Amino acid sequence: MLEQFKVVLSHTTHPGNIGAAARAMKVMGLSRLSLVNPKKYPSAEATERASRANDILANAEVVTNVEEAIGDCRLVVGTSARTRSLPSKLITPRELTQLVVDNQHKMPVAIMFGTENSGLTNHELHLCHYHVYIPTNPEYSSLNLASAVQLISYELSLAFAEFEQLPQQVIPDNEQPVSREQLAGTLAHFDEVMRLTRYLVPEQEKQIDVRMNRLLNKADLTLSEMNILRGFLRSVSYAVKRAQQQD
Ligand code: SAH
């Protein structure tokens, strides 16, 4: 089950942190690593710090944007040292493991970690269903990136024994939760139809995009529900185009 967790490191500056994160994952049994635009990678420093976790680095995917890294994931979680002004629900690592145990059908799970200086960007934070905060000294709350990976991986590995004991849920394909890629496709479809009907005006574009993303993330869409929404959007688009032709 631990292979269902994808650690996503976004815009990592120091290659040593990538190596140390790989090591942190491997000792806890995690294996899927995705690197979004690392500043310096591959690098001898990363290999050195990975110690004997080089297989994790060798199998890591390197992508240019975060959407690519999380496309196949059904649950997207962002980690943050900042607790204020986060767009989604804030949970602890222990609450995250409980959430995953209770939602085993929402796999794979992406766990995103931000760049060393400034953390996850607002755009990245908005893509998340939940935000995880590792409780720390309120006056000094920022852990080293690889230490944060270590703590989250540890909590997940503790819960792993529980996963094994739970009966597997059998869910028909249509009732599976949508992946981030399917959700992004639905958002793009809304955007297209909102433009067609002129509901979307340039001044509000950004705000509506952010809110629609939040709404659909909260809706916990299944594939069959997504198909209804998209079928409806197609019918609106058809009706508008037909009316335009008659004008
Ligand atoms: N100054 C940045 C800290 C970045 S540390 C900020 O305010 O977010 C690099 C990354 O380590 C963070 O983006 C996050 O992914 C992780 N991290 C560090 N401390 C954390 C904490 N207390 N809880 C959760 N994640 C943390």
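We're numbering straight along the sequence, starting at 1. Keep in mind that this is a model prediction, so the values were computed, not measured. First listed ligand is number 1; within each ligand, the first listed atom is number 1.
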To the closest 0.5 Å, what do you measure between [atom1] ([X]) and [atom2] ([Y])?
X      : Y      : atom1 : atom2 : answer
Ser31  : Met25  : OG    : CE    : 6.5 Å
Thr92  : Ile152 : OG1   : CD1   : 9.0 Å
His126 : Asp209 : NE2   : CG    : 11.0 Å

Worksheet item: Hey, any chance Ile56 and Leu151 share a hydrophobic cluster, counting ILVMFWY side chains that come within less than 4.5 Å of each other, even indirectly?
Response: yes
Discussion item. Leu200 and side chain to side chain contact (heavy atoms under 4.5 Å, CB included): which single residue from Met212, Glu205, Glu192 fits?
Written reply: Glu205
Worksheet item: Which heavy atom of Phe113 sits nearest a heavy atom of Leu120, and at what distance?
Response: C-CD2, 3.7 Å
Worksheet item: Listing by chain and number, which residues have a heavy atom under 4.0 Å from ligand 1?
Response: Thr79, Ser80, Ala81, Arg82, Phe113, Gly114, Thr115, Glu116, Asn117, Ser118, Gly119, Leu120, Val132, Tyr133, Ile134, Thr136, Ser141, Ser142, Leu143, Leu145, Ala148
